[in-house]
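Following: one structure in structure tokens, then a few remarks.
Letters A, B, ... are given to chains in the order of the sequence lines, protein chains preceding strands, and every chain is numbered from 1. Remember, predicted model here, so these are calculated numbers, not experimental data. Below, all heavy atoms of this structure are taken into account, side chains as well, without hydrogens, waters or symmetry copies.
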Amino acid sequence: MPELPEVEVVRQGLERGVVGRTVATVTVGHPRAIRRHLAGESDFIALLAGRRIEAARRRGKYLWLPLDSGDVLQAHLGMSGQLLVVPPDKPAETHLRVRLVFLDGGHELRYVDQRTFGGLAVVASEVTGGAGQPAGIRHIAPDPLDPAFDPVAFRGALRRRRTGIKRALLDQKLVSGVGNIYADEGLWRASLHYARPTETLRGPEVARLLAGLRAVLAEALTAGGTSFDATYVSAEGVSGLFARELAVYGRAGQPCRRCGTPIRREKFMNRSSYTCPRCQPRPRRARW
DNA sequence: CTTCAAACCTGTGGGC
DNA sequence: TGCCCACAGGTTTGAA
């Protein structure tokens with residue numbers, strides 16, 4: 001669901017809404033939402049109660065809140081997760097899974113998730129990580145907008161792969177934050193087909209792809225993210241406006257914004273891929 | 001080690 | 001109205 005722009009919008013909302021505040025009580029409404037917290041519900045609650053939230057951080061699609069205990073509250077929104085900062089008297093959402101009440105009696109932090117693919121966990125922060133990065137997400141690569149992102153390493157890693165370019169873009173170990181929407185949008189901007197074998201990519205093509213990804217991610221972030229419905233909203237419940245800027249995603253049959261050819265939708269990796277048949281011709285050697 | 005399909009969930013919308 | 005299928009922005013798992 002949420003990709004880099006949407007998750008970053010949530011992070012910014014958490015920075016405004018919960019950083020500097022101290023947790024009073026925690027309620028877990030669905031055990032599946034904290035299944036990654038292996039020690040269980042009572043341990044999860046005990047590690048949060050009385051702790052002050054020091055910051056709101058993100059890597060790729062992962063979020064975490066460093067606590068004054070040295071632990072971090074880690075979150076992944078999965079396909080349908082939301083972290084909402086709402087008044088305590090607001091009625092419970094249908095899929096409310098976890099509720100954090102604060103000592104100051106102000107707005108609560110609620111984890112709401114229809115499908116529960118995402119969830120929360122309290123984990124020890126990585127000692128050597130510097131920024132207190134959770135140990136469990138060390139394998140997540142920097143995102144294309146991160147100063148730590150290394151384009152040379154990215155190109156090398158791509159060339160060593162034996163798969164199609166879109167599959168590689170969705171692999172968070174290579175580059176993070178990119179999901180189905182922004183992979184399709186980035187590939188369209190670079191005029192590359194999703195089934196292009198990674199090992200055949202030339203240097204300029206990788207540079208074009210990276211530039212396309214960076215541009216679309218930055219523009220989407222400025223617009224507050226992509227939101228087709230009320231599932232993808234900021235911590236304050238606001239929908240982003242980037243859906244109307246999309247070039248290919250969800251635009252099957254509509255004219256390509258570059259050449260007018262109707263956008264094509266295909267099933268790929270158990271999901272949909274959108275391409276312009278003219279701007280992004282299928283490579284002779286296709287791989288997926 | 002890499003690659004890939006299936007599984008994990010709940011809900012919505014379209015066709016009949 | 002109801003039923004059934006396809007589909008939804010992600011990650012993990014296990015098999016090959």
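If A:Ser272 and A:Leu170 are placed on DNA chain C by their nearest nucleotide, the residue sitting closer to the 5' end is A:Ser272. Residue A:Lys267 is the one, among A:Lys267 and A:Gly179, whose nearest nucleotide of DNA chain C lies closer to the 5' end (criterion: closest heavy atom).
Between A:Arg36 and the phosphate of C:dT12, there is a side-chain N or O to OP1/OP2 separation shorter than 4.0 Å. Considering only side-chain N and O atoms, A:Thr231 lies nowhere under 4.0 angstrom from the phosphate OP1 or OP2 of C:dG9. Phosphate proximity of B:dC9 to A:Gln114: absent, as no side-chain N or O sits under 4.0 Å from OP1 or OP2. When the side-chain nitrogen and oxygen atoms of A:Asn180 are compared with OP1 and OP2 of C:dG9, one or more of them lie within a distance under 4.0 Å. At least one side-chain nitrogen or oxygen of A:Arg271 sits closer than 4.0 Å to the OP1 or OP2 atom of C:dG10. The side chain of A:His95 contributes an N or O atom lying less than 4.0 Å from OP1 or OP2 of B:dG11. Taking 4.0 angstrom as the limit, A:His76 places a side-chain polar atom (N or O) nearer than this to OP1 or OP2 of C:dT11. OP1 or OP2 of B:dT3 sits under 4.0 Å from a side-chain N or O of A:Arg161. Applying the 4.0 Å criterion to OP1 and OP2 of B:dG11, one finds that A:Ser80 has every side-chain N and O outside that range. Between A:Arg115 and B:dG11, a side-chain N or O to OP1/OP2 separation shorter than 4.0 Å is absent.
Within 4.0 Å (heavy atoms only), A:Phe268 reaches no atom of the nucleic acid at all. Residue contacts for A:Phe228: at a heavy-atom cut-off of 4.0 Å it reaches a base atom on one of the strands shown. Within the 4.0 angstrom heavy-atom criterion, only backbone atoms of the sugar-phosphate kind lie near A:Thr163; the bases stay farther away.
Using a 4.5 Å cut-off between side-chain heavy atoms of Ile, Leu, Val, Met, Phe, Trp and Tyr, with links allowed through other members, A:Phe102 and A:Leu47 fall into the same hydrophobic cluster. A:Val101 and A:Leu84 fall into different hydrophobic clusters, defined by Ile, Leu, Val, Met, Phe, Trp and Tyr side-chain heavy atoms under 4.5 Å apart, directly or through other members.
Judged by distance alone, the side chain of A:Ser80 and the main-chain N or O of A:Arg115 form a donor-acceptor pair under 3.5 Å.
The closest side-chain donor-acceptor pair between A:Tyr182 and A:Asp184, if any, does not fall under 3.5 angstrom. For the residue pair A:Tyr249/A:Ser272, the side-chain donor-acceptor check at 3.5 Å is not satisfied.
On the P atoms, C:dA6 is 14 Å away from B:dA6, given to the nearest whole Å. The separation of C:dC3 from B:dC9, taken at their P atoms, amounts to 24 Å, rounded to a whole angstrom.
In the set B:dT3, C:dG9, C:dT12, the nucleotide with an atom closest to the side chain of A:Met79 is C:dG9. Which of C:dG9, C:dC7, B:dC8 sits closest to the side chain of A:Arg265 comes down to C:dC7. The side chain of A:Arg167 sits closest to B:dA5 out of B:dA5, C:dG9, B:dC9. Of the listed nucleotides (C:dG10, B:dC9, C:dT12), C:dG10 has the atom at the smallest distance from the side chain of A:Lys61.
Using a 4.0 Å cut-off between charged nitrogen and carboxylate oxygen, A:Arg271 and A:Glu266 do not count as a salt-bridge pair.
No option in A:Gln280, A:Arg208, A:Glu205, A:Arg258 other than A:Arg258 meets the side-chain hydrogen bond (donor to acceptor under 3.5 Å, both in side chains) test with A:Ser191.
For the pair A:Phe117 and B:dC8, the ring geometry qualifies as stacking, because the centroid separation is below 5.5 Å while the planes lie within an angle under 30°.
Stacking of A:Arg11 on the aromatic ring of A:Trp64 is not recorded, the 6.0 Å distance cut-off and the 45° axial limit not both being met.
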- Give DNA chain C the dot-bracket treatment, 5' to 3': Watson-Crick (N1-N3 with N6-O4 or O6-N4) or G-U (N1-O2, O6-N3) under 3.5 Å, [ ] crossing, | other strand. .|||||||.|||||||
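Residue A:Lys166 contributes atom NZ, which lies 14 Å from atom P of B:dC4 at whole-angstrom precision.
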